[in-house]
K.L.:
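What follows is a structure written as structure tokens; I'll ask about it next.
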Amino acid sequence: MLLFGPAARKLGTASVDLPFENPPTIAAIRTTLLTEQPAVRNELIAGRFAVNQRYVDDAAIVGEGDEIALISMVSGG
Amino acid sequence: MNVSATIVDGPLPAAAAAPVYAEQETGAALTFEGIVRATEEGRSLVALDYEAYEGMAQRELGDLASEIAAKHGIVALHIWHSRGRVPVGQCSLRVLVCARHRKEAIGAVDEFIDRMKRDVPIWKHAVFATGGSP
């Protein structure tokens, strides 16, 4: 999963692996990461997810090979 | 309706001093420029580093520009946004809107910037004079 902005800086990386055996929902990814990556708790709670560069809601199911990104606290301009 | 969105590496070059408005319906033209301030939260700033989600940022800017242009009945809406380092005093965002009348031009710029700051995957990181970032 791709990380940007504050989330990437807090974790010191631009991506993290998602350890799921079955295709997860975005809600499942969010819940799992809240436990595994507490340093980005605020970003996970307030942020949105994109799959293949489109915003999705928590019910979306992620398939193999999909590009997943955590989009949190954007600050353009 | 003429719409474009462009992401530019580094500071945006100066706008043309006397642009030519090709769209004959234009009765009001407004250019907004976002400039990197010298201070952030009381600390001296050297620059802002802009990070964009490659691909998605460009598409979201373009989709948003099209939506805002249609909603406000805009003749033309052109967006430029920086990526990478932009020193203090230089331009990182330019919005050029052409409309039939003043009110829809002002409304379109205002709504575009509000929505951009909420939806477009671009982040800025402050580069302080004393080094480091918050």
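Proteins get letters first, then strands, A, B, ... in listed order; numbering begins at 1 in each. Below, all heavy atoms of this structure are taken into account, side chains as well, without hydrogens, waters or symmetry copies.
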K.L.:
For B:Ile122, is it the side chain, the backbone, both or neither that has a heavy atom under 4.5 Å from a heavy atom of chain A?
P.N.:
both
K.L.:
Decide whether A:Val56 and A:Ile45 are clustered together by the hydrophobic rule: side chain heavy atoms of Ile, Leu, Val, Met, Phe, Trp, Tyr closer than 4.5 Å, transitively.
P.N.:
yes
K.L.:
Mark yes when over 12 heavy atoms from residues, nucleotides or ligands other than B:Lys103 sit less than 6.0 Å from its NZ; otherwise mark no.
P.N.:
no
K.L.:
If you tally heavy-atom pairs under 4.5 Å against chain A, which of B:Val120, B:Ile113, B:Val86 wins?
P.N.:
B:Val120
K.L.:
Applying a strict under-4.5 Å side-chain criterion to I, L, V, M, F, W and Y, I'd like to know whether A:Phe4 and B:Ile7 cluster together.
P.N.:
no
K.L.:
About how many Å separate CD of A:Glu67 and CE of B:Met56, when rounded to the nearest 0.5 Å?
P.N.:
10.0 Å
K.L.:
Assigning hydrophobic clusters by single linkage (Ile, Leu, Val, Met, Phe, Trp, Tyr; side-chain heavy-atom cutoff under 4.5 Å), is B:Tyr53 placed with A:Met1?
P.N.:
no
K.L.:
Chain A heavy atoms under 4.5 Å from B:Tyr50: which part of the residue, side chain, backbone, both or neither?
P.N.:
side chain
K.L.:
Please confirm whether the backbone N or O of B:Glu54 pairs with a side-chain atom of A:Gln53, one donor and one acceptor, at under 3.5 Å?
P.N.:
yes
K.L.:
A side-chain contact here means heavy atoms from C-beta on lying under 4.5 Å apart; do A:Ile71 and B:Trp123 qualify?
P.N.:
yes
K.L.:
Taking a hydrophobic cluster as the set of Ile, Leu, Val, Met, Phe, Trp and Tyr residues connected by side-chain heavy atoms closer than 4.5 Å, whether directly or through intermediates, do B:Phe112 and B:Val75 fall within one such cluster?
P.N.:
no
K.L.:
Quick check for you: to the nearest 0.5 Å, what is the distance between A:Arg9 atom CZ and B:His125 atom NE2?
P.N.:
4.0 Å
K.L.:
Treat each ILVMFWY residue as a node, draw an edge where side-chain heavy atoms are under 4.5 Å apart, and state whether A:Leu3 and A:Val74 are in one component.
P.N.:
no
K.L.:
What pair of heavy atoms forms the shortest contact from B:Arg118 to A:Arg48, and how long is it?
P.N.:
O-NH2, 2.8 Å
K.L.:
Kindly say whether A:Gly77 contributes a backbone atom to a donor-acceptor pair with the side chain of B:His81 at under 3.5 angstrom?
P.N.:
yes
K.L.:
Distance-only, no hydrogens or angles: does the A:Tyr55 side chain make a donor-acceptor pair with backbone N or O of B:Asp119 under 3.5 Å?
P.N.:
yes
K.L.:
Within the side chain of B:Lys117, is there an N or O that forms a donor-acceptor pair under 3.5 Å with the backbone of A:Gly76?
P.N.:
yes
